[in-house]
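Throughout, a chain's letter reflects where its sequence line sits, starting with A, and its residues are numbered from 1.
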There are 2 protein chains.
Amino acid sequence: MPFLFNTIMNKLLTTLALLVSLAVQAEPRATGDLGLVIERESGSALIINTSTHKQLAKIGGLGDLSHASVVFSRDQRYAYVFGRDGGLSKIDLLQDKLDHRIMQAGNSIGGAISQDGSLIAVSNYEPGGVKVFAADTLELVADIPAVYNDGKRSKVVGLVDAPGQRFVFSLFDAGEIWTLNMNNPQKPVIEKFTHTGKQPYDALMSPEGRFYIAGLFGEPGLALLDLWDTAAGVKRILPNYGKDDEKLPVYKMPHLEGWAMAGDLLFAPAIGKHEVLVIDKRSWTLLKAIPVIGQPVFVMAQPDARACWVVFAMPDNNRLQLIDVKNLAVSTTLTPGKAVLHMEFTPRGEQVWVALRDDNQLVVYDTETLQELTRLPAQKPNGIFFSARAHKIGQ
Amino acid sequence: MPFLFNTIMNKLLTTLALLVSLAVQAEPRATGDLGLVIERESGSALIINTSTHKQLAKIGGLGDLSHASVVFSRDQRYAYVFGRDGGLSKIDLLQDKLDHRIMQAGNSIGGAISQDGSLIAVSNYEPGGVKVFAADTLELVADIPAVYNDGKRSKVVGLVDAPGQRFVFSLFDAGEIWTLNMNNPQKPVIEKFTHTGKQPYDALMSPEGRFYIAGLFGEPGLALLDLWDTAAGVKRILPNYGKDDEKLPVYKMPHLEGWAMAGDLLFAPAIGKHEVLVIDKRSWTLLKAIPVIGQPVFVMAQPDARACWVVFAMPDNNRLQLIDVKNLAVSTTLTPGKAVLHMEFTPRGEQVWVALRDDNQLVVYDTETLQELTRLPAQKPNGIFFSARAHKIGQ
């Protein structure tokens, strides 16, 4: 009897300990103020809280994150990480764990989540095309090879979601823009726009999901598709925008994700020049070129549209400049640290988080006072993504 | 020994059962797709999930909700309900319970949450003024009596948050607009704009938090404050907008919260007329008056700005009309049910939830196909608020 008693007691105590740990772990966590910070070299990501400025967890095993982007499920429970190596990782922000991970291609550049949150689309270089997965299981729903001309496959870039359960993307090698309607997941409907410009290399969507704009590597200008009037086809705008031979060498080709819309104004990094271009969205013409301290890479607008924050290519990547949107001039220069790579504003814009890759740090600023609020450690951080993105169109 | 054994076993089993129930209860819930539906007559609110279209809980004891509005904490865990009777209720969306409730005034009209989420402000009729509370404890932080002239107190209306930890509101009886800077909660800074127009009765903030516009009950026109240029003072715009004597009787004075911004266009219910007015935000002039089926009360823009949804005063309050933003004309008329009172779009706009007070129902539409997706029971619903509001400026 004492032996049996002890055995039973031990089992019960073990179970008890487990349950206590479960109950303690389960302190409710809301998801509105969470974010994911990408650590490029270690293939890991930090789950952070923007209210407490705390790191909540570190998730490893995410593969090659030398180029990575993130989207969030509509309930903000899951973050989907698109890695450079074709890996697609689904992270559970409530349980601090990697929920699921697949290798969906050999080489990938980005992804998007459908308007209703049910589908994840990934744009691939190799093999060139788009794959669409169920957001819950990561099972393949549709495979869209980017085939052009006599069966060649093109790299796919600039993939974004659009209203009406659509995705829009560009074919780098084909010079085409496609829309993909996934209203019926079993019957994807593709609309192709051909001869839209040589080598589209990236694209952006306007915040309401109407204008899709692709940058062209192979020729000057930008390709514009108005999703409210697809019958009008793709137009060329800003014919003088692009690489310019006589200028400075281009240290880093700016992403169009780094363009900023502030009201009717579009702020774009000039390629190779020390300028931020201001474009009037009503006429798609150049209003002004604002001199800045280096080659701009990302230009990001505060949620209140009052200022744009600019980060630079080497050798000026230790600095940040702010452009006053009302005066269209630089108002402030900050020196946060080494290799300023990426920024993310809190949803209502009271703070901005900045990734300092070579300082292994994140720095948080108050956008009103420009005071530094805190610094957090992070290993070679190269991307910051907050869960409020779940609620935005055209990510 | 057997007796002791049984006693210990019983205690252990009871503890086990409790812990199991705790662990089961604690199934993680994310907060990005939650919402609150106000049930006016029963003084209760439903917590709903917009992904599953399910009611998760019903919270009672919220007092007089004949006029109620809701804001959300920045982590989206808590909803703050402002009731007509001066009650301020804090609901825990993760634990399905009323977390805290205070009676902060005798008669109240609405509230707002500060940019950083730390403060809740309430606008009161009686006693006239604004009270500011700590968002976590609901303890009073600041009491701002709306005193004018020789010490009289004015009703306060049109309270919204603004960037820079500010609130903006209007004094109905005084004809004034005040800004309240709460950067230092111990030292609120008030800026007053006097003689801004007779009897401001409601106001709206543009989505980026720049333009504060108050409707005037006592004279025609609207009062406009540009928060990027407060030195310029308050201007009068749209001098012909207002009540018009020779028209139909006004069955319901439209709220300015029911105005819609879609790009450069502002859609406003005409007062007393069967028209929706389209205003050019660049010049603040009237572009067009669109004929509609009744007296409009709320005009709300889809998040993709493609359409505006219009609900009407009696006797046309069983209908909904859609305005195509591109063509500036009515495209569709729906008849969802009895007493269409309020609407809320899912954050990326794929669905709209509509409150049908006299059918005791909510109806959910697909905004693309206009198909009805589902109906849920709700007792005399008069307001729908989704947690994505946590991330918006000027609520």
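Both the backbone and the side chain of A:T50 come within contact range of chain B, with heavy atoms under 4.5 Å apart. Neither the backbone nor the side chain of B:T52 comes within contact range of chain A, judged by heavy atoms closer than 4.5 Å. At a 4.5 Å heavy-atom cutoff, B:Q165 makes no contact with chain A through either its backbone or its side chain. For chain A, the nearby parts of B:I113 are the backbone and the side chain; heavy atoms of each come within less than 4.5 Å. The parts of B:D304 that come within reach of chain A are both its backbone and its side chain, each placing non-hydrogen atoms under 4.5 angstrom from that chain. Heavy atoms closer than 4.5 Å to chain A are found nowhere in B:S387, neither backbone nor side chain. In this structure, chain B has a heavy atom under 4.5 Å from the side chain of A:Q95, while its backbone stays farther away. Neither the backbone nor the side chain of B:N49 comes within contact range of chain A; no heavy atom of the residue lies under 4.5 Å from a heavy atom of that chain.
For the options A:Q302, A:R210, A:R282, A:Q351, heavy-atom pairs under 4.5 Å to chain B are most numerous at A:R282. With chain B as partner, the option from A:K326, A:R306, A:E208 having the largest number of non-hydrogen pairs under 4.5 angstrom is A:R306. Most heavy-atom pairs under 4.5 Å with chain A, from the set B:L93, B:L34, B:D161, B:N183: that is B:D161. Heavy-atom pairs under 4.5 Å with chain B peak, among A:P163, A:G117, A:S73, at A:P163. Of the listed residues (A:G209, A:S51, A:G164), the one with the most heavy-atom contacts under 4.5 Å to chain B is A:S51.
Contact of the B:D116 side chain with the A:E368 side chain is not registered, since no non-hydrogen atoms from C-beta on lie closer than 4.5 Å.
By a heavy-atom distance cut of under 4.5 Å, A:A388, A:A390, A:H391, A:K392, A:I393 are the residues of residues 388-395 of chain A near chain B, going up by number.
B:D92 pairs by the salt bridge (charged side-chain N to carboxylate O under 4.0 Å, His left out) definition with B:R77, not counting sequence neighbours. Looking at residues two or more places apart in sequence or on another chain, you find no salt bridge (charged side-chain N to carboxylate O under 4.0 Å, His left out) involving B:D366. Listed by chain and residue number, nothing satisfies the side chain to side chain contact (heavy atoms under 4.5 Å, CB included) test with A:A329 (two or more places apart in sequence, or in another chain).
Taking both residues in full, the closest heavy atoms of B:A30 and A:L94 are given as N-CD1, 3.7 Å, listed atom of the first, atom of the second, then distance.
Side-chain atoms of A:Q76 do not come within 3.5 Å of backbone N or O of B:T31 as any donor-acceptor pair.
Atom-to-atom distance recorded for A:Q115:CD and B:T346:OG1 is 7.0 Å, nearest 0.5 angstrom.
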